[in-house]
Amino acid sequence: MKKKFKILLIILLSIAIISLSFFFMENYIFDPHRGVVTNFENSAPLSQNLSKKEALEDFDYAFKKLKYRHPIWLEKTEEAEYFRNLLTSKYQENRTFLASKENISVTELFQQLAELYALLHDGHTRVEFSSDSLKEIDDYTPFFAYGNPVAVNGIDTEQLYQLYKTRCSYEVDTFIKNYFFSSYIFREDILSLVGIDATTSLVYTYKTKDGYEDFSHNFVPHENAFYPSKDDIKTFLESKNYSQEEIQARTDTSMGDYLTPDKVESAKVVGNPQSWIWYTVDQKNNIGIFTFRSCTYNDEYIETVKNFFADVKKANITNVAVDLRGNGGGRSYVANEFVKHLAVNSYKTWDYAVRYGPYLQYYDNDFITNEKYNTNFSGNIYILTNSESYSASMDFAMLIQDNNLGKVIGEPSSNKPESYGDCLYFQLPNSKLKIAISFKKWYRIDQTKKDLLIEPDIPCPSQESVSVLYDLISKY
């Protein structure tokens, strides 16, 4: 009896040990999301000094997270080996620089880490200054009136941009250049990356019709920054002796560039064009345009897509466009949800790889069955893209284009379909800088185009996309 009890006890203990081992391995070795941070503290002030020990601890932490989470460390390609060697060399170089100093400001650490992460050219793997009150310039009127500044504190903005590129995780020049000149150059954290201290007022220089003009700006929290209305811009330009024709050319946004004035009267607008999601149904011109500014997959998105196709069907419309201009991404399920309304039985999606601790698992996604709704839209599909169509919105365009479900109009995407993605977030222990690291690798559906961006079938400037779309439909 005792012998049977011992055997049973051994079996139970073995099962418990094996279960605990699997639990430990799954949660502490193989789980991609182990140790991620969801609630972030504010980063230490950019001007705050860290001790050498604190700075090196943060720097080593950031490199180890990169090494033990990013897929590139497990990929067996010459390109991956090249980048591993490059990253290791840069890590040693920048660490030596930090070790040569007794005190290191948060800004200096930020710069050194950003240079390291930037080598990957992976837009999802990056270093960020974390704050619930990021500071920016106090008044955007000169920018909206004159356009991009040409200098900050006498330093040419193109020169600043070239430096920023060495400390920025980006994939496509046009994408990051647009953001730098239209947004980032006005932010305290980005200016710190290019060596400009925004704790005091800065002078921004703009090109005007009469030459150059300087404006001094203080930096304030976002809620205190002044964003001018169209009337404010007109008043400002009138004070600078601009003619009404010149003012009109600088302030005419044509409904945010989504519908040209001659189309507004014929289109039924559903939702708020200032919100993240809305659509228009133009029965007269036989076109419906579905617009959303982020790939947010939620009940509102699902319901809005459903209502859009119901209105399209009711109006007997045979042309549908999806406006992805300025869409910074989110969840790729938005594309699958949209395709459920199409008369498509199956389609091909992308292959991908996921890093599980020390193991990189590849997944082949061939043709999948489309779980169709009863909508069965069988008309023409068009996708509007620009240099800000990023990540999941780029995937949306790829799904349509690579499956020959529709045509892309506009500008190339802001990152390649064959790229890294899905972020794991961490926070450095001392500086509290935030880091994001990709743990997946995505592959293009059409592998004959794996090294290319999503190139439009019908290329045109972003601001002309809607007009080109209407002209195309009127002809064919």
Side-chain angles (χ1 to χ4, degrees), residues 25 28-37 55-100 108-128 163-173 176 193 350-364 391 415-429 431 433-444 447 450-453:
M25 287 189 293
Y28 296 99
I29 297 177
F30 293 104
D31 180 12
H33 295 89
R34 62 194 187 280
V36 299
V37 175
L56 292 178
E57 182 183 4
D58 279 10
F59 195 74
D60 291 342
Y61 180 95
F63 181 68
K64 286 177 181 177
K65 288 299 181 188
L66 186 64
K67 187 173 182 178
Y68 293 114
R69 300 302 178 98
H70 199 283
I72 202 167
W73 247 271
L74 298 180
E75 290 182 278
K76 297 177 181 179
T77 65
E78 290 185 3
E79 183 181 36
E81 184 178 5
Y82 166 79
F83 277 106
R84 287 194 293 268
N85 292 335
L86 187 65
L87 288 162
T88 302
S89 176
K90 188 64 175 175
Y91 161 71
Q92 293 168 345
E93 176 189 337
N94 288 19
R95 194 183 193 281
T96 299
F97 169 78
L98 292 173
S100 70
E108 288 176 303
L109 177 63
F110 189 17
Q111 292 169 346
Q112 297 301 307
L113 276 174
E115 281 183 5
L116 176 67
Y117 274 42
L119 292 176
L120 265 177
H121 287 287
D122 169 10
H124 291 86
T125 298
R126 58 191 183 272
V127 185
E128 299 176 354
L163 175 57
Y164 177 63
K165 285 172 65 178
T166 68
R167 295 171 176 171
C168 169
S169 298
Y170 74 98
E171 298 173 37
V172 178
D173 279 15
I176 199 61
L193 280 177
W350 46 84
D351 300 338
Y352 65 101
V354 181
R355 180 166 180 175
Y356 298 104
Y359 180 63
L360 190 62
Q361 175 66 51
Y362 292 88
Y363 295 91
D364 293 327
S391 192
N415 66 322
K416 292 181 180 180
E418 192 130 323
S419 60
Y420 300 102
D422 268 18
C423 296
L424 303 172
Y425 294 99
F426 305 95
Q427 192 158 37
L428 305 188
S431 64
L433 291 171
K434 178 180 176 181
I435 58 175
I437 299 172
S438 300
F439 73 98
K440 292 181 181 179
K441 174 75 177 284
W442 306 101
Y443 299 90
R444 180 149 189 175
Q447 278 292 291
K450 67 177 185 177
D451 294 323
L452 303 177
L453 300 172

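All values below were derived from every heavy atom in this structure, side-chain atoms included, with hydrogens, water molecules and symmetry-related copies excluded.
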Next item on the list: On the 0 to 90° scale, with breaks at 30° and 60°, tag the Tyr170-His121 ring pair as parallel, tilted or perpendicular.
Entry: perpendicular
Check: Is the NZ or CZ atom of Lys434 positioned over Tyr425's six-membered ring, under 6.0 angstrom from the centre and within 45° of the axis?
Finding: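 Relative to the ring axis of Tyr425, which defines the angle, Lys434 lies inside both limits.
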Taking atom types as modelled, is there a side-chain donor on [X] or [Y] under 3.5 Å from an acceptor on the other?
X: Asn415; Y: His124; value: no
X: Tyr356; Y: Asp31; value: no
X: Gln361; Y: Tyr363; value: no
X: Ser169; Y: Thr125; value: no

Is a side-chain N or O of [X] found less than 3.5 angstrom from the main chain of [Y], in a donor-acceptor match?
X: Arg95; Y: Asp60; answer: no
X: Thr88; Y: Asn85; answer: no
X: Asp58; Y: Ser431; answer: yes
X: Arg84; Y: Ile72; answer: yes
X: Ser89; Y: Leu86; answer: no

Note to self: Could you report the tightest heavy-atom contact between Asp173 and Lys165, atom names first, then the distance?
What the structure shows: OD2-NZ, 3.2 Å
Notebook entry, point to check: Which pair of heavy atoms, one from Ala62 and one from Ile435, lies closest together, and at what distance?
Noted result: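 In this case the closest contact between Ala62 and Ile435 is CA-CD1, 4.1 Å.
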Check: So Leu66 and Trp73, side chain to side chain contact (heavy atoms under 4.5 Å, CB included) or not? Walk me through it.
Finding: CA-CA 9 Å; Leu66 186 64; Trp73 247 271; 4.0 Å; yes
Would you check if [X] and [Y] make a side-chain contact, meaning some heavy-atom pair closer than 4.5 Å?
X: Phe110; Y: Leu193; value: yes
X: Arg355; Y: Pro32; value: no
X: Leu433; Y: Leu109; value: yes
X: Tyr117; Y: Arg167; value: no
X: Glu115; Y: Lys90; value: yes
X: Leu116; Y: Phe59; value: yes
X: Tyr443; Y: Pro417; value: no
X: Pro429; Y: Glu57; value: yes

Note to self: Between the side chains of Glu75 and Lys441, is the shortest nitrogen-to-carboxylate-oxygen separation below 4.0 Å, so that they form an ion pair?
What the structure shows: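 Salt bridge between Lys441 and Glu75, a charged N being under 4.0 Å from a carboxylate O: yes.
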[X] [atom1] to [Y] [atom2] distance, which is reported to the nearest 0.5 Å:
X: Leu74; Y: Lys67; atom1: CG; atom2: NZ; value: 11.0 Å
X: Leu113; Y: Tyr91; atom1: CG; atom2: OH; value: 10.5 Å
X: Ile437; Y: Tyr420; atom1: CD1; atom2: OH; value: 13.5 Å

Check: Quick check, are the ring centers of Tyr352 and Trp442 under 6.0 angstrom apart?
Finding: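 Centroid distance Tyr352-Trp442: below 6.0 Å, so yes.
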Next item on the list: Would you please indicate if the ring centroids of Phe439 and His33 are separated by under 6.0 Å?
Entry: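 Yes.
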Note to self: For Leu120 and His70: C-alpha separation, side-chain torsions, deciding distance, then whether side chain to side chain contact (heavy atoms under 4.5 Å, CB included) applies.
What the structure shows: CA-CA 10 Å; Leu120 265 177; His70 199 283; 3.7 Å; yes
Next item on the list: Assess whether salt bridge (Lys or Arg N to Asp or Glu O under 4.0 Å) is satisfied between Arg444 and Glu418, documenting all intermediate values.
Entry: CA-CA 5 Å; Arg444 180 149 189 175; Glu418 192 130 323; over 6 Å; no
Note to self: One pair to check against salt bridge (Lys or Arg N to Asp or Glu O under 4.0 Å): Arg126 and Glu128. What are the steps and the verdict?
What the structure shows: CA-CA 7 Å; Arg126 58 191 183 272; Glu128 299 176 354; 2.4 Å; yes
Checklist line | Verdict with supporting geometry, Gln112 and Glu93, side chain to side chain contact (heavy atoms under 4.5 Å, CB included) | finding: CA-CA 10 Å; Gln112 297 301 307; Glu93 176 189 337; over 6 Å; no
